[in-house]
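Before any comments, here is the structure.
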Amino acid sequence: MRVFVVWEPILKSDFMAPTTGALRRISDPRARHYWDDGHVLADVMKRDARPPQPKHECCDSDGVLWDLVAIYPTGARWDATLPPAVVFDGPVVRVTDQMNAALAADAPG
């Protein structure tokens with residue numbers, strides 16, 4: 001499993017990449033953290049947030065897609081558009097059960 005955590009400025013106080021305190025919230029050693037101050041990934045994900053993606057019920061702040069969990073099945077590849085996700089919703093705190101179920105279903109063994 002690979003975990004990509006993409007931080008982006010949403011609040012007026014988000015003028016720089018997160019510091020150690022924020023990064024500790026997701027301390028799993030498999031997680032890789034990125035700072036996307038131009039919302040590049042959010043823009044692409046919003047563009048591709050239509051079928052076959054599951055419908056998302058949240059996560060838009062002034063036109064910026066954020067606080068979203070996107071889980072892809074093993075072997076999924078991002079080519080011209082995002083592959084269909086197993087989970088594509090948020091905010092993160094509200095989709096924890098969906099996230100855990102998807103990860104458990106895709107776990108080896």
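Residue numbers count from 1 along this sequence. These numbers come from a predicted model, not from an experiment.
- Of all heavy-atom pairs between P91 and C59, the closest is N-SG, 3.9 Å.
- Within a 6.0 Å sphere centred on CG of D79, heavy atoms belonging to other residues, nucleotides or ligands number more than 12.
- Considering every non-hydrogen atom in both V87 and A102, the closest pair reads CG2-CB, 3.7 Å.
- Connection of L103 to V69 is established within a shared hydrophobic cluster, with ILVMFWY side chains joined at heavy-atom distances below 4.5 Å, either directly or through further cluster members.
- Other residues, nucleotides and ligands contribute more than 12 heavy atoms inside 6.0 Å of the CZ atom of R50.
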Side-chain donor-acceptor distances from residues 42-49 under 3.5 Å, at least two apart:
from : atom 1 : to  : atom 2 : distance (Å)
K46  : NZ     : D60 : OD2    : 2.9
K46  : NZ     : G63 : O      : 3.1
R47  : NH2    : A80 : O      : 3.4
D48  : OD2    : L82 : N      : 2.8

Could you walk me through whether V64 and E8 pass side chain to side chain contact (heavy atoms under 4.5 Å, CB included), step by step?
CA-CA 10 Å; V64 176; E8 59 184 339; 3.7 Å; yes
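- At least one side-chain heavy atom of W7 sits less than 4.5 Å from a side-chain heavy atom of L23.
- To the nearest 0.5 Å, atom CG of residue D36 and atom CZ of residue F4 are 14.0 Å apart.
- Side-chain contact check for M16 versus P9: every heavy-atom pair is 4.5 Å or farther apart.
- Applying the ring pair (Phe, Tyr, Trp, His ring centres under 6.0 Å) rule to pairs touching residues 59-96 yields H56-F88, sequence neighbours excluded.
- Hydrophobic clustering, with ILVMFWY side chains joined whenever heavy atoms are under 4.5 angstrom apart, groups V6 together with L65.
- V5 and L41 are not part of a single hydrophobic cluster, where members link through side-chain heavy atoms under 4.5 Å apart.
- In this structure, the separation between OG on S27 and NE2 on H33 is 8.0 Å, given to the nearest 0.5 Å.
- Scanning both residues, V86 and P73, for their nearest heavy atoms gives CG2-CD, 3.8 Å.
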How far apart are the C-alpha atoms of H39 and I10, what are their side-chain angles, what is the distance that settles it, and do they pass the side chain to side chain contact (heavy atoms under 4.5 Å, CB included) test?
CA-CA 9 Å; H39 305 288; I10 297 295; 4.1 Å; yes
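- Sorted by first and then second residue, the salt bridge (charged side-chain N to carboxylate O under 4.0 Å, His left out) pairs with a member in residues 11-28 read D28-R30; sequence neighbours excluded.
- Scanning all heavy atoms of the two residues, the minimum distance from M99 to I71 falls at CG-CD1, 3.5 Å.
- A heavy-atom distance below 4.5 Å is found between the side chains of W35 and P18.
- For the atom pair L68 CG and C58 SG, the distance stands at 6.5 Å (nearest 0.5 Å).
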